[in-house]
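Input: a single structure, listed below in structure tokens.
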Amino acid sequence: MIKTETQNRFSEVLNELHLEYSILRGSFHLVKQDLYIQEFPSNNSTSGLRFPLENTLFLQGSGKLFFHNGDDCSIIQCCKCKNFFFSNLRINSKPECPFCNDTSQRILSKDGRIPGWYGKTIDYIIDEDEALIHLNRCSPKNYSELEKIIQQLKGVPTYITVTDKIIETVKALSNKYPNMEEVIDFFVKNMITSKFRQNRDLSFMPLVLIGSAGCGKSSFVKDICQILMGKPALKVDLGNSVSSITLSGTDPAYSQSKNGIIIESMFAGNTNHPLKNPVLHFDEIDKMESEGKDCVEKVFYSLLEPNTACRFFDNFLGVNVDASGINYIFTGNTLENIPTPIVNRLKVFQIKDYTHEQLKDLVMDSFYTSWISVNHMQEDYIPAFLSDEIKERILEIANDDPRSIHDAIRTVFTETLIYDESEHHDIALFSPSQLYEGWKKFRGERKISKTPWKLPKGFSGTKERKTKNEGLYSPDLFEF
């Protein structure tokens, strides 16, 4: 017998999922999976467990399902038979459907929380019924491509979510970008707020970073997007005569027509779910085209307002999508050429140039690390960290311009290049004091890879060497 509001709500969920169940001693029994769902007691005690632990799921009043070991319970729909079932994706990422044994799947809930538990509308990106009607009316030549796009946008979306670890990693960016403290503080405050959102999804007001070339704007955006999304953001250079169709797609009547990057940024990835709140980076906003029929400025008027972005129209797709969750970061050199209506929709940050001391004490180390990586340098014969003397010389040559630091490092490398007789090898970038103390004390050390060593391509071992458990070592070779 159903006794509580939570149990009644869960019965509605099971009925909507068309899952056969019975009620035993106040708990739900899923017949096909032989699972028991028991309401989690308010005292957090499982001493009164009525059924075998390994067959029991717990249901909280907040609509969260979890296993006895604390793992989230995922609600999965089989793509083949369309039935729903419950599973632990942490243990088995590709569970078999208990109805047909197929492993193709769509995930309704991955974190254990039942969507719409409190009666809120699930945040779909596209109206699937509207999209299907449009698909059936479209030209046969576009049917296949449109079907793929709709598949990429349909279903329950996923979100970029905020964790304490992500917040701490963003805070640590102040060590690399000492001139970005105000921007970092903005992100941290918005991330803390996002933790209280229904989906814990990242959301922040569109912002623009204004500063001279070399102040670190683009590098900062690249790093913070990598932290937030685990990959670089889609970047659009507005200075390259970008038109509105880049954002909102081309009419399918034209040849070489294509969807715009706005809906592409939300396309489903490995999760088979669209992404509701990606981050987009628009560079050189001060060079944006603001005149003409297809100028990109007009598209931003609707995109930067959530009330209108929720019905964004892509010309190629031909139906509205909800683009209100997308996060925007703009970068530019000046506010002067940016239309006032656009500026009024943005949070503006004026980024100062690095001071000489900031370049020397904080930024230089990251430039040096980057230079080593970009040039694939062997670290055995260069210092692990640059001395103050070498840093000063590099900054003198670069004239404190960050864009010139890599070239300046290369110049100083050549200036300091000497041959070490004892090592029979060149060394470089060591200061006179480091050479006096012994350069080996300051050199970087290359770590031996944990990947098993293999012969380079084009070489093959002899049949004897390929024999299992047979090596080249022979005691006879070392007898005297």
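Note that the structure is predicted; figures quoted are calculated from it, not measured. We number each residue from 1, following the sequence as shown.
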Q) Counting distance only, does the side-chain N/O of Thr416 pair as donor-acceptor with the main-chain N or O of Leu429 below 3.5 Å? A) yes
(Q) Quick one: does any side-chain atom of Thr414 pair with a main-chain N or O of Arg410 as donor and acceptor, under 3.5 Å? (A) yes
Q) Can you tell me how far OG of Ser174 sits from CD of Glu182, rounded to the nearest 0.5 angstrom? A) 14.0 Å
(Q) Has Asp185 got a side-chain atom pairing as donor or acceptor with Glu181's backbone, closer than 3.5 angstrom? (A) no
Q: Check whether any side-chain heavy atom of Phe85 lies under 4.5 Å from a side-chain heavy atom of Pro95, and answer yes or no.
A: yes
Q. Looking only at heavy atoms, what is the nearest atom pair of Val279 and Met229, with distance?
A. N-SD, 3.5 Å
Q. Can you find a pair of side-chain heavy atoms, one from Lys287 and one from Asn337, that are under 4.5 Å apart?
A. no
Q.
I want to check a possible cation-pi pair here: Lys347 against Phe349, using under 6.0 Å from ring centre and within 45° of the ring axis as the test.
A. yes
Q) Going by atom types only, do Thr308 and Tyr301 share a side-chain donor-acceptor pair under 3.5 Å? A) no
Q) If you look at every heavy atom in Asp400 and Leu359, which pair is closest and at what distance? A) O-CD1, 3.5 Å
(Q) Testing Leu275, Leu280, Asn327, Asn277 one by one against Ser265 for a side chain to side chain contact (heavy atoms under 4.5 Å, CB included), which residue passes? (A) Leu280
Q | Candidate pair His406 and Phe367, rule side-chain contact (heavy atoms from CB on, under 4.5 Å), full reasoning | A | CA-CA 7 Å; His406 272 212; Phe367 275 105; 4.0 Å; yes
Q: First locate atom CG of Leu146, then atom CG of Asn259, and finally report the distance between them rounded to the nearest 0.5 Å.
A: 9.5 Å
Q: For the pair Glu168 and Lys171, evaluate salt bridge (Lys or Arg N to Asp or Glu O under 4.0 Å) and give the outcome as yes or no after the intermediate values.
A: CA-CA 5 Å; Glu168 291 305 313; Lys171 286 181 179 179; 3.5 Å; yes
**Q.** Any donor-acceptor N or O pair under 3.5 Å, side chains Asp353, Ser212
**A.** yes
**Q.** Gap separating the CD1 atom of Ile76 from the OG1 atom of Thr103, nearest 0.5 angstrom
**A.** 11.0 Å
Q: Give, for atom CG of Asp286 and atom CD1 of Ile342, the distance between the pair rounded to the nearest 0.5 Å.
A: 13.0 Å
Q) Hey, mind stepping through Thr250 and Phe316 against side-chain contact (heavy atoms from CB on, under 4.5 Å) and telling me if it holds? A) CA-CA 5 Å; Thr250 317; Phe316 184 77; 5.5 Å; no
Q. Does the side chain of Asn69 come under 3.5 Å of the side chain of Asp71 through a donor N or O and an acceptor N or O?
A. yes
(Q) Is it the case that the side chain of His273 and the backbone of Val156 share a donor-acceptor pair, with hydrogens and angles ignored and the cut-off at 3.5 Å? (A) yes
**Q.** Under 3.5 Å: donor-acceptor pair, side chain of Gln358, backbone of Thr355
**A.** yes
Q) Is the closest side-chain donor-acceptor distance between Thr331 and Glu284 under 3.5 Å? A) no
Q: Indicate whether the side chain of Asp223 and that of Tyr177 have a donor and an acceptor atom separated by less than 3.5 Å.
A: yes
Q: Check whether any side-chain heavy atom of Asp314 lies under 4.5 Å from a side-chain heavy atom of Ile262, and answer yes or no.
A: no
Q) Where do Met205 and Phe186 come nearest, in terms of heavy atoms and distance? A) O-CZ, 3.9 Å
Q: Output, in order, the C-alpha distance, side-chain angles, deciding distance and verdict of ring pair (Phe, Tyr, Trp, His ring centres under 6.0 Å) for Phe442 and Phe430.
A: CA-CA 8 Å; Phe442 303 98; Phe430 293 99; 7.4 Å; no
Q.
Less than 4.5 Å apart, side chain to side chain, heavy atoms only: is that true for Asn333 and Ile210?
A. no
Q. Are Phe385 and Tyr368 an aromatic pair by the rule of ring centers under 6.0 Å?
A. no
Q.
Could you go through His356 and Glu392, starting from their C-alpha distance and side-chain angles, then the distance that decides it, and tell me whether this counts as side-chain hydrogen bond (donor to acceptor under 3.5 Å, both in side chains)?
A. CA-CA 9 Å; His356 178 82; Glu392 288 288 2; 3.0 Å; yes
Q: Output yes when a side-chain donor or acceptor of Asp420 lies under 3.5 Å from a complementary backbone atom of Glu423, and no otherwise.
A: yes
(Q) Quick one: does any side-chain atom of Asn199 pair with a main-chain N or O of Asp201 as donor and acceptor, under 3.5 Å? (A) no
Q) Looking at side-chain heavy atoms only, is the closest gap between Tyr381 and Trp439 below 4.5 Å? A) yes
Q: Determine, step by step, whether Asp164 and Lys195 satisfy the salt bridge (Lys or Arg N to Asp or Glu O under 4.0 Å) criterion, reporting the C-alpha distance in whole Å, the side-chain angles of both residues, the deciding distance to 0.1 Å, and the verdict.
A: CA-CA 9 Å; Asp164 291 336; Lys195 289 172 63 178; 2.5 Å; yes
(Q) If we check side chain to side chain contact (heavy atoms under 4.5 Å, CB included) with Ser387, which of these qualifies: Pro432, Ser433, Ser431? (A) Ser431
Q: Determine the minimum heavy-atom distance between Lys94 and Gln105, stating which atoms define it.
A: CA-NE2, 4.0 Å
Q.
How close do Lys276 and Asp322 get, counting heavy atoms only, and between which atoms?
A. NZ-OD2, 3.3 Å
Q: Could you grab the distance from atom CZ of Arg113 to atom SG of Cys73, nearest 0.5 Å is fine?
A: 13.5 Å
Q. Any idea which heavy atoms bring Gly155 and Pro274 closest together, and the distance?
A. O-CG, 4.1 Å
Q) Do Lys217 and Asp283 sit within salt-bridge range, that is, some charged N less than 4.0 Å from a carboxylate O? A) no
Q: Under the side-chain contact (heavy atoms from CB on, under 4.5 Å) rule, what do Leu346 and Leu207 come out as? Steps first, then yes or no, please.
A: CA-CA 5 Å; Leu346 304 175; Leu207 65 118; 6.0 Å; no
Q. Quick check: does any side chain N or O of Thr246 sit under 3.5 Å from a backbone N or O of Val242, one acting as donor and the other as acceptor?
A. no
Q.
I'd like to check Asp72 versus Lys64 (side-chain heavy atoms, cut-off strictly below 4.5 Å). Are they in contact?
A. yes
**Q.** Residue pair Ile418, Ile427: steps toward the side-chain contact (heavy atoms from CB on, under 4.5 Å) verdict
**A.** CA-CA 6 Å; Ile418 60 172; Ile427 61 173; 3.5 Å; yes
Q. Okay, side chain of Thr369, backbone of Asp365: is any donor-acceptor separation there less than 3.5 Å?
A. yes
Q) Is it true that a side-chain atom of Ser370 and a backbone atom of Ser366 form a donor plus acceptor pair closer than 3.5 Å? A) no
Q: Assess whether atom CD of Glu336 is packed by more than 12 heavy atoms of other residues, nucleotides or ligands within 6.0 Å.
A: no
Q. Do the two ring centres, one from Phe300 and one from Phe330, sit under 6.0 Å apart?
A. yes
Q) Between Glu305 and Arg345, does at least one N-O distance fall below 4.0 Å, as a salt bridge requires? A) yes
Q: Starting at CD1 of Ile397, measure out to CD1 of Ile409 and round the result to the nearest 0.5 Å.
A: 10.5 Å
Q. If you measure only the distance, is there a donor-acceptor pair under 3.5 Å linking the side chains of His425 and Gln378?
A. no
Q. So do Ile338 and Ile285 actually touch side chain to side chain, heavy atoms under 4.5 Å?
A. yes
Q: Using a cut-off of 6.0 Å, state whether more than 12 heavy atoms not belonging to Lys110 lie near its atom NZ.
A: no
Q) Would you say the ring centroid of Tyr328 lies under 6.0 angstrom from that of Phe204? A) no
Q) Would a 4.5 Å heavy-atom cut-off, applied to side chains only, mark Leu335 and Val348 as touching? A) yes
